[in-house]
Engineer: 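Mind looking over this structure? Questions follow.
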Amino acid sequence: MSEENWAGSWTYHAPVVRPRTLEELAELVTGHRRVRALGSRHSFTDLPDTDPDGVLLSLDALPVEVAVDEERRTVTVSGATRFAALGEELDRQGWALPTMASLPHLSVAGAVATGTHGSGRQVPSLAALVRGLEGIGADGAAYRLGAEDPDLPGSVVALGALGIVTTVTLDVVPSYDLRQEVWLDLPWPTTTEALDAVLGCGYSVSLFTSWRGDAVEQVWVKSRADAERPDLSPARAADRTVHMIAGADTAAVTEQLGALGPWHHRLPHFRASHTPSAGEELQSEYFVPADRALDALTAVRGLADRLAPLLLVSEVRTVAGDELWLSGAYRGDVVAFHFTWRRDWDGVHAVLPLVEERLLPLGARPHWGKVFTATREDLAAAYPELERFRELRARRDPDDRFGNAFLDRLL
Ligand SMILES: Cc1cc2nc3c(=O)[nH]c(=O)nc-3n(C[C@H](O)[C@H](O)[C@H](O)COP(=O)(O)OP(=O)(O)OC[C@H]3O[C@@H](n4cnc5c(N)ncnc54)[C@H](O)[C@@H]3O)c2cc1C
């Protein structure tokens, strides 16, 4: 039977197979003309898919590894590990990640393959924490890329195109506590006049908006235990737990109201035990250079009425720059403009060109794991190292074993 992605927005064309050993994995790679790795299935399009006569490899039956190197301050973790499990184990050992995505349900290898990120002006994406990768290459042989390997910056945000990643080595920091507070109704004039200060008023800050009305509906601020409590007045501090999607179950969100708690229970917006976000949805996101953020904000607000029928909520957050060739934050800090849409594929594809018409000229780069309508030419203009990535791909996968329709269409 055909299997679907998490949102039910894509049905995979090939069967999903779960190798139990690296030898089995290598045989599956060389035994098929086309092969792709599947993570926790949280991307929204055909990105992970392969040809109908190919095979999708889910690595969740491989042996699990979580090994902290205290001297190097890294953790080496099997690719299929979910961030929820990694967070619990790191915290137990006194260690932490500097960032997490909005949900802890993602697999580590799948998240870094698309440049997945959280928020924070000084905080880079999860992909930027990668110090090493191990995997099975197109020839079925095991490979290892260390921190100094010149191929590493091109091989992290690699869209599954360079190999099946079996372990990922990530930077860790000593464990820390955070408090999460939500502020309600930050007037738009305050937001636009002090955008930089608002986005920087905590360790990790997210604006949630419908783009309509006089105010940003919610500002979620995650602050380090020793930081001063931000004052976002004239916004009001929420006195009860809120969900960013109107009417959704507040039991699904991580603890708010300023209660201190461990990093992995505050950085994600959603609890591991609950369904994150809305479930039946699509998502899009664009990374805009930080110095064009206000222009982008104004441009998207101008579309508020067109977006409203499809939009569940938008999130605006920040990501620090990195050196990864296909990262949305390659060589510069960015502000990310995210859209959680109703699951209306045609409707979303009809409004995205309007959004992109305004954001791409500002230097925006689409999130690889979400829905966009940007073309091959748009992507070539937005991602300056795309040609270098193509060369790397030709060297590492000369027979295009890890290719698929998404990569054929866009790279
Ligand atoms: C509710 C929800 C909230 C989200 N929140 C955020 C967020 O806060 N920030 C953000 O940036 N994104 C967010 N996303 C998007 C999500 O992080 C990305 O789509 C991510 O890539 C999904 O990881 P996955 O493990 O599900 O990978 P999949 O969707 O299964 O695969 C994604 C890509 O990774 C590749 N891949 C997977 N495993 C491997 C492997 N072992 N080796 C090589 N390649 C591999 C696949 O081939 C594919 O190309 C969210 C998505 C959802 C559904």
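Numbering of ligands and ligand atoms starts at 1, following listing order.
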Engineer: Do any N/O atoms on G110 end up under 3.5 angstrom from N/O atoms on ligand 1?
Structural biologist: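 Min N/O separation from ligand 1 is below 3.5 Å for G110.
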Engineer: What do you reckon, is CZ of R342 surrounded by more than 12 foreign heavy atoms closer than 6.0 Å?
Structural biologist: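 Yes, enclosed.
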Engineer: Name the closest protein heavy atom to atom 52 (C) of ligand 1, giving the residue it belongs to and the distance to 0.1 Å.
Structural biologist: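 Answer for atom 52 (C) of ligand 1: Q283 NE2, 3.6 Å.
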Engineer: Taking only heavy atoms of G369, which atoms of ligand 1 are found under 4.0 Å from at least one of them?
Structural biologist: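 Selected atoms, number and element: 19 (O).
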Engineer: Which one of V157, V168, T114 has a non-hydrogen atom at the shortest distance from atom 20 (C) of ligand 1?
Structural biologist: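 Among V157, V168, T114, the closest heavy atom to atom 20 (C) of ligand 1 comes from T114.
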Engineer: Does A111 come within less than 4.0 Å of ligand 1, judged by its heavy atoms?
Structural biologist: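 Right, A111 reaches ligand 1.
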Engineer: Heavy-atom contact check, 4.0 Å cutoff: does G79 meet ligand 1?
Structural biologist: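 No, G79 has no heavy atom closer than 4.0 Å to ligand 1.
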Engineer: Does ligand 1 come near enough to R41 that some N or O of the ligand is less than 3.5 Å from an N or O of the residue?
Structural biologist: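 Between R41 and ligand 1, an N or O pair is found under 3.5 Å apart.
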Engineer: Check each atom of ligand 1 against the heavy atoms of G163 and keep those under 4.0 Å away; list them by number with element.
Structural biologist: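 With G163 as reference, the close atoms of ligand 1 come out as 42 (N), 43 (C).
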Engineer: Examine R396 relative to Y143 and say whether NZ or CZ is less than 6.0 Å from the centre of the six-membered ring and inside a 45° cone about the ring axis.
Structural biologist: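 Ring-cation test returns yes.
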Engineer: Could you go through residues 14-27 and list every donor-acceptor pair under 3.5 Å that involves a side-chain atom there, pairing it with any protein atom two or more places apart or in another chain?
Structural biologist:
from : atom 1 : to  : atom 2 : distance (Å)
R18  : NE     : D60 : OD1    : 3.0
T21  : OG1    : E24 : N      : 3.0
E24  : OE1    : R20 : N      : 3.4

Engineer: Taking the six-membered ring for Trp, are the ring centroids of W368 and Y383 within less than 6.0 Å of each other?
Structural biologist: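 Centroid distance W368-Y383: below 6.0 Å, so yes.
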Engineer: Indicate yes or no: does an N/O atom of L159 lie under 3.5 Å from an N/O atom of ligand 1?
Structural biologist: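 Right, the criterion is met.
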Engineer: Do the side chains of R33 and D400 get close enough for a salt bridge, i.e. N-O under 4.0 angstrom?
Structural biologist: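 No, R33 and D400 are not salt-bridged.
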Engineer: Using every non-hydrogen atom in the two residues, find where L324 and D322 come nearest and quote the distance to one decimal.
Structural biologist: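 L324 and D322 have their closest heavy atoms at N-OD1, 3.0 Å.
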Engineer: State whether the shortest distance between N or O atoms of L103 and N or O atoms of ligand 1 falls below 3.5 angstrom.
Structural biologist: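 No - when backbone and side-chain N and O of L103 are compared with those of ligand 1, no distance drops under 3.5 Å.
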Engineer: Tell me, please: is M100 in heavy-atom contact with ligand 1, that is, under 4.0 Å?
Structural biologist: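 No, that is not the case, since the closest heavy atom of the residue is not under 4.0 Å from the ligand.
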Engineer: Which residue, F208, W183, Y203, forms the ring pair (Phe, Tyr, Trp, His ring centres under 6.0 Å) with W220?
Structural biologist: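 Output: one option passes, namely F208.
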Engineer: W6 to ligand 1: N or O pair under 3.5 Å?
Structural biologist: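 No, since none of the N or O atoms of W6 sits under 3.5 Å from an N or O of ligand 1.
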Engineer: For a quick test of reading the model, state the closest non-hydrogen atom pair linking W341 to S284 and the distance between them.
Structural biologist: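 Smallest interatomic distance, heavy atoms only, reads NE1-OG, 2.8 Å.
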Engineer: Are K222 and W263 close enough that some pair of their side-chain heavy atoms sits under 4.5 Å apart?
Structural biologist: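 Not in contact.
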Engineer: With nothing but distance in play, are any N or O atoms of L59 less than 3.5 Å from an N or O of ligand 1?
Structural biologist: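 Such a contact does not occur with ligand 1.
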Engineer: Run the salt bridge (charged side-chain N to carboxylate O under 4.0 Å, His left out) check on E391 and R388 step by step: do they pass?
Structural biologist: CA-CA 5 Å; E391 288 164 17; R388 220 164 146 203; over 6 Å; no
Engineer: Under a heavy-atom criterion of less than 4.0 Å, does K370 contact ligand 1?
Structural biologist: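 Yes.
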Engineer: Do L352 and Y286 touch side chain to side chain, with heavy atoms closer than 4.5 Å?
Structural biologist: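 Yes, side chains in contact.
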Engineer: Provide, to 0.1 Å, the distance between atom 44 (N) of ligand 1 and the closest protein heavy atom, together with that atom's residue and name.
Structural biologist: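 For this ligand atom, the closest protein heavy atom is G160 CA, 3.5 Å.
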Engineer: Quick check on contacts: which atoms of ligand 1 are under 4.0 angstrom from a heavy atom of R36?
Structural biologist: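 Going through ligand 1 atom by atom, the ones under 4.0 Å from R36 are 47 (O), 49 (O).
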Engineer: Ignoring hydrogens and geometry, is there a side-chain-to-backbone donor-acceptor pair from S107 to G39 under 3.5 Å?
Structural biologist: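 A pair under 3.5 Å: no.
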Engineer: Decide yes or no for L411 and R393: does some side-chain heavy atom of the first lie under 4.5 Å from some side-chain heavy atom of the second?
Structural biologist: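 Heavy-atom side-chain distance check passes, below 4.5 Å.
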Engineer: Name the closest protein heavy atom to atom 8 (O) of ligand 1, giving the residue it belongs to and the distance to 0.1 Å.
Structural biologist: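 Going atom by atom, the protein heavy atom closest to atom 8 (O) of ligand 1 ends up being S102 N, 2.8 Å.
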Engineer: Any N or O on S43 sitting closer than 3.5 Å to an N or O of ligand 1?
Structural biologist: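 Between S43 and ligand 1, an N or O pair is found under 3.5 Å apart.
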Engineer: So, does F44 sit close enough to ligand 1 that a heavy atom of it is under 4.0 Å from the ligand?
Structural biologist: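 Yes, F44 has heavy atoms under 4.0 Å from ligand 1.
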Engineer: Would you mind listing which atoms of ligand 1 come within a distance below 4.0 Å of any non-hydrogen atom of S107?
Structural biologist: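 Here the atoms of ligand 1 in question are 25 (O).
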Engineer: Does I164, backbone or side chain, put an N or O under 3.5 Å from an N or O of ligand 1?
Structural biologist: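 No.
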